[in-house]
Asker: 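So that we are looking at the same thing, I have put the structure below in structure tokens.
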Amino acid sequence: EDQVTQSPEALRLQEGESSSLNCSYTVSGLRGLFWYRQDPGKGPEFLFTLYSAGEEKEKERLKATLTKKESFLHITAPKPEDSATYLCAVQAGGDSNYQLIWGAGTKLIIKP
Amino acid sequence: EPEVTQTPSHQVTQMGQEVILRCVPISNHLYFYWYRQILGQKVEFLVSFYNNEISEKSEIFDDQFSVERPDGSNFTLKIRSTKLEDSAMYFCASSDRRGVVHSPLHFGNGTRLTVT
């Protein structure tokens, strides 16, 4: 069964303290892995798409990387405004063309 | 920047009643989706819609659910007879293309449905 697992569930950091969030997946043929940010009471906001192992993408203080089994979202010198829930979603191969399989998210809290 | 808008932001209904959740996708997008998120749980796919028909639906999307694009701008989700377990945040999303890999989804801010 296709599955996406994110860890940790929650992460508290001091402002400026760098860290990484993990998204591990077991799917039948990865087509794409997506990172989204979700603020309380809002819909997910797209951050990155990664297509193949070894790929990396960056945006401001965020950097996403992908291996054959997992993806990391590295956050460098975070600021309080980076506080949010970060969601990982995977598009698997096979018969399903439209469904994304979502992780439960990591709630990131950055303290000033 | 264009955005997906959803109304109402919060809907309270009694068990057994019909509800219609409304969405206005981004104007040049062609693919439309409904997702739901029960409080504290994962985002779950409900249905995708393209060219005026359902492209794919999940097991959650049973006969109680239907979608419609009644005009050129609106996209609706109807739940015919609501159950307590339908209480969730419902997100509409749209994207501008479909290739082998999903193009990024643009989400609205959701409708919180509370069934009492």
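Treat the numbers as computed from the prediction; the structure is a model and nothing was measured. So you know, we letter chains A, B, ... as the sequences are listed, proteins then strands, and number each from 1.
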Asker: Side-chain heavy atoms under 4.5 angstrom apart, residues restricted to Ile, Leu, Val, Met, Phe, Trp, Tyr: same cluster for B:V24 and B:Y50?
Answerer: no
Asker: Calculate, to the nearest 0.5 Å, the distance between atoms CD and NE2 belonging to A:E45 and B:H106 respectively.
Answerer: 10.0 Å
Asker: Roughly how far, to the nearest 0.5 Å, is CZ of A:F34 from OG of B:S103?
Answerer: 8.0 Å
Asker: Which value, rounded to the nearest 0.5 Å, describes the distance between A:W102 atom CH2 and B:E44 atom CD?
Answerer: 12.0 Å
Asker: Tell me, please, which residues at least two apart from B:W34 pass ring pair (Phe, Tyr, Trp, His ring centres under 6.0 Å).
Answerer: B:F75
Asker: Please state whether the side chain, the backbone, both or neither of A:I101 comes within less than 4.5 Å of a heavy atom of chain B.
Answerer: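 The answer is neither part of A:I101.
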Asker: CZ of B:F91 to NZ of A:K42: how many Å apart, nearest 0.5 Å?
Answerer: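 Answer rounded to 0.5 Å: 11.0 Å.
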Asker: Evaluate whether atom CD of B:Q14 has more than 12 neighbouring non-hydrogen atoms of other residues, nucleotides or ligands under 6.0 angstrom away.
Answerer: no
Asker: One pair to check against side chain to side chain contact (heavy atoms under 4.5 Å, CB included): B:L105 and A:L100. What are the steps and the verdict?
Answerer: CA-CA 10 Å; B:L105 299 178; A:L100 291 180; 3.7 Å; yes
Asker: Please check if A:F72 and A:L11 belong to a single hydrophobic cluster, counting links between Ile, Leu, Val, Met, Phe, Trp and Tyr side chain heavy atoms closer than 4.5 Å.
Answerer: no
Asker: Could you tell me which portion of B:Q6 (side chain, backbone, both or neither) has an atom closer than 4.5 angstrom to a non-hydrogen atom of chain A?
Answerer: neither
Asker: Do any of residues 107-116 of chain B come closer than 4.5 Å to chain A, heavy atom to heavy atom, and if so which ones, in number order?
Answerer: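 Near chain A, by residue number: B:F107, B:G108, B:N109.
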Asker: In this structure, would B:V12 and B:M15 fall into the same cluster of hydrophobic residues linked by side-chain contacts under 4.5 Å?
Answerer: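 B:V12 does not cluster with B:M15.
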Asker: Taking a hydrophobic cluster as the set of Ile, Leu, Val, Met, Phe, Trp and Tyr residues connected by side-chain heavy atoms closer than 4.5 Å, whether directly or through intermediates, do B:V4 and B:L77 fall within one such cluster?
Answerer: no
Asker: Check each atom of A:Y36 against the heavy atoms of chain B and say whether the ones under 4.5 Å are side chain, backbone, both or neither.
Answerer: side chain
Asker: Does B:F49 belong to the same Ile/Leu/Val/Met/Phe/Trp/Tyr cluster as B:Y31, with side-chain heavy atoms less than 4.5 Å apart forming each link?
Answerer: no
Asker: Partners of B:F65 by ring pair (Phe, Tyr, Trp, His ring centres under 6.0 Å), sequence neighbours excluded?
Answerer: B:F61
Asker: State whether the number of non-hydrogen atoms from other residues, nucleotides or ligands found under 6.0 Å of B:D63 atom CG is greater than 12.
Answerer: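 For B:D63, atom CG is not crowded (no more than 12 foreign heavy atoms under 6.0 Å).
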Asker: Just so I understand: if I count every heavy-atom pair under 4.5 Å between each of A:G103, A:G105, A:G41 and chain B, which residue has the most?
Answerer: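 Looking at each option in turn, the highest pair count goes to A:G103.
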Asker: Mind checking ring pair (Phe, Tyr, Trp, His ring centres under 6.0 Å) for B:Y90 and listing every partner two or more places apart, or none if nothing turns up?
Answerer: none
